[in-house]
> 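So that we are looking at the same thing, I have put the structure below in structure tokens.
Quick note on labels: first sequence line is chain A, next is B, and so on, each numbered from 1.
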Amino acid sequence: MILPRAFYARPTLTVARELLGACLVRLVDGIRLAGIILETEAYIGENDLGCHAKSGKTRRNAVMYGPPGYAYIYFTYGMHWCLNAVTEAEGFPAAVLIRAILPTEGLEIIHKRRNGRDTLGPAKVTQALAIDGGLNGVNLTETSSGLWIESGLPVSDESVTVGPRVGLYTVPEPWKSIPWRFQVVDHSKFR
DNA sequence: AGCACGATGCTCT
DNA sequence: GAGCATCGTGCTT
């Protein structure tokens with residue numbers, strides 16, 4: 001089942017936690033590339049100094065200000081794309097960064113796209129699933145976008161760790177260390 | 001196994 | 001012009 005708009009129209013921390021175990025799907029040339037989401041991070045509003053919306057609405061972050069259930073995809077470090085799912089009410093900028101997946105469908109293609117390497121990292125996820133800026137702003141709640149998220153396996157609290165978000169080196173406290181990162185500890189049971 | 005570093009170009013001040 | 005929600009390599013232990 002495709003996760004509906006109402007799934008995303010909730011507090012971002014709730015969405016980030018519940019996206020663990022869900023299935024990220026990318027349709028390329030009629031072929032499904034998919035993986036179970038293993039790691040997420042929440043970015044919540046203009047007060048969150050780690051969030052791209054910290055300085056208000058710009059051309060880059062505009063999608064985050066739109067309705068929930070859309071893809072916010074940004075380019076960084078001169079070569080990498082990162083995928084987010086927009087959350088909360090329209091007008092409030094918030095999103096969940098998809099940081100890692102366990103590939104489940106289209107394994108050969110994913111393997112080839114990743115040159116045999118893992119898919120544990122936000123830019124590795126987008127490279128593996130052929131996601132780039134051309135998909136910024138697409139609707140994650142319908143298949144016609146070629147990118148959507150389906151409900152997957154429930155993940156128990158015991159198999160989830162919570163911790164600080166990654167890569168926010170110059171972000172001031174408390175935002176730098178606030179535990180808004182969610183990770184499936186042992187994903188061997190999904191294999 | 002872990003750390004340091006360079007790559008590389010877009011976005012906003 | 002500075003900074004960046006990263007990755008892979010290569011060197012050290």
> Ignoring the backbone of A:Arg60, work out which of C:dT9, C:dT6, B:dC12 is nearest its side chain.
B:dC12
> Counting just side-chain N and O atoms, does A:Thr58 come under 4.0 Å of either OP1 or OP2 of B:dC12?
yes
> Among B:dT8, B:dC10, C:dT6, which nucleotide has an atom closest to any side-chain atom of A:Cys82?
C:dT6
> For C:dA5, give its Watson-Crick or G-U wobble partner with both distances under 3.5 Å, or none.
none
> Rounding to a whole Å, what distance do you find between A:Lys124:NZ and C:dG8:C1'?
8 Å
> Of the listed nucleotides (C:dA5, B:dC12, C:dT6), which one gets closest to any side-chain atom of A:Ala123?
C:dT6
> Can A:Arg181 and A:Glu39 be counted as an ion pair, charged N to O under 4.0 angstrom?
yes
> Across the strands shown, which category fits A:Arg165 at heavy-atom distances under 4.0 angstrom: base, sugar-phosphate, nothing?
nothing
> What nucleotide among C:dC4, C:dA5, C:dG8 has an atom nearest to a side-chain atom of A:Thr170?
C:dC4
> With a centroid cutoff of 5.5 Å and a plane-angle limit of 30°, would you call A:Tyr77 stacked on C:dC4?
yes
> What nucleic acid atoms does A:Gly121 come within less than 4.0 Å of, heavy atoms only: base, sugar-phosphate, or nothing?
sugar-phosphate
> Do side-chain atoms of A:Thr40 reach the backbone of A:Ala16 as a donor and acceptor pair under 3.5 angstrom?
yes
> Between A:His80 and C:dC7, does any side-chain N or O lie under 4.0 Å from OP1 or OP2?
no
> Determine the minimum heavy-atom distance between A:Ile101 and A:Leu38, stating which atoms define it.
C-CD1, 3.8 Å
> By the 4.0 Å heavy-atom rule, please label A:Leu97 as base, sugar-phosphate, or nothing.
base
> For the pair made of CD1 in A:Ile73 and P in B:dT11, what is the distance, rounded to whole Å?
14 Å
> Are the charged groups of A:Arg32 and A:Glu150 less than 4.0 angstrom apart, N to O?
yes
> Which of the following nucleotides, B:dC12, C:dT6, C:dA5, is nearest to the side chain of A:Tyr72?
C:dA5
> Taking the nucleotide of DNA chain C with the closest heavy atom to each, which residue, A:Cys51 or A:Arg114, is nearer the 5' end?
A:Cys51
> Would you indicate what A:Arg181 reaches in the nucleic acid, counting non-hydrogen atoms under 4.0 angstrom: base, sugar-phosphate, or nothing?
nothing
> Salt-bridged, A:Lys124 to A:Asp118, with N to O below 4.0 Å?
yes
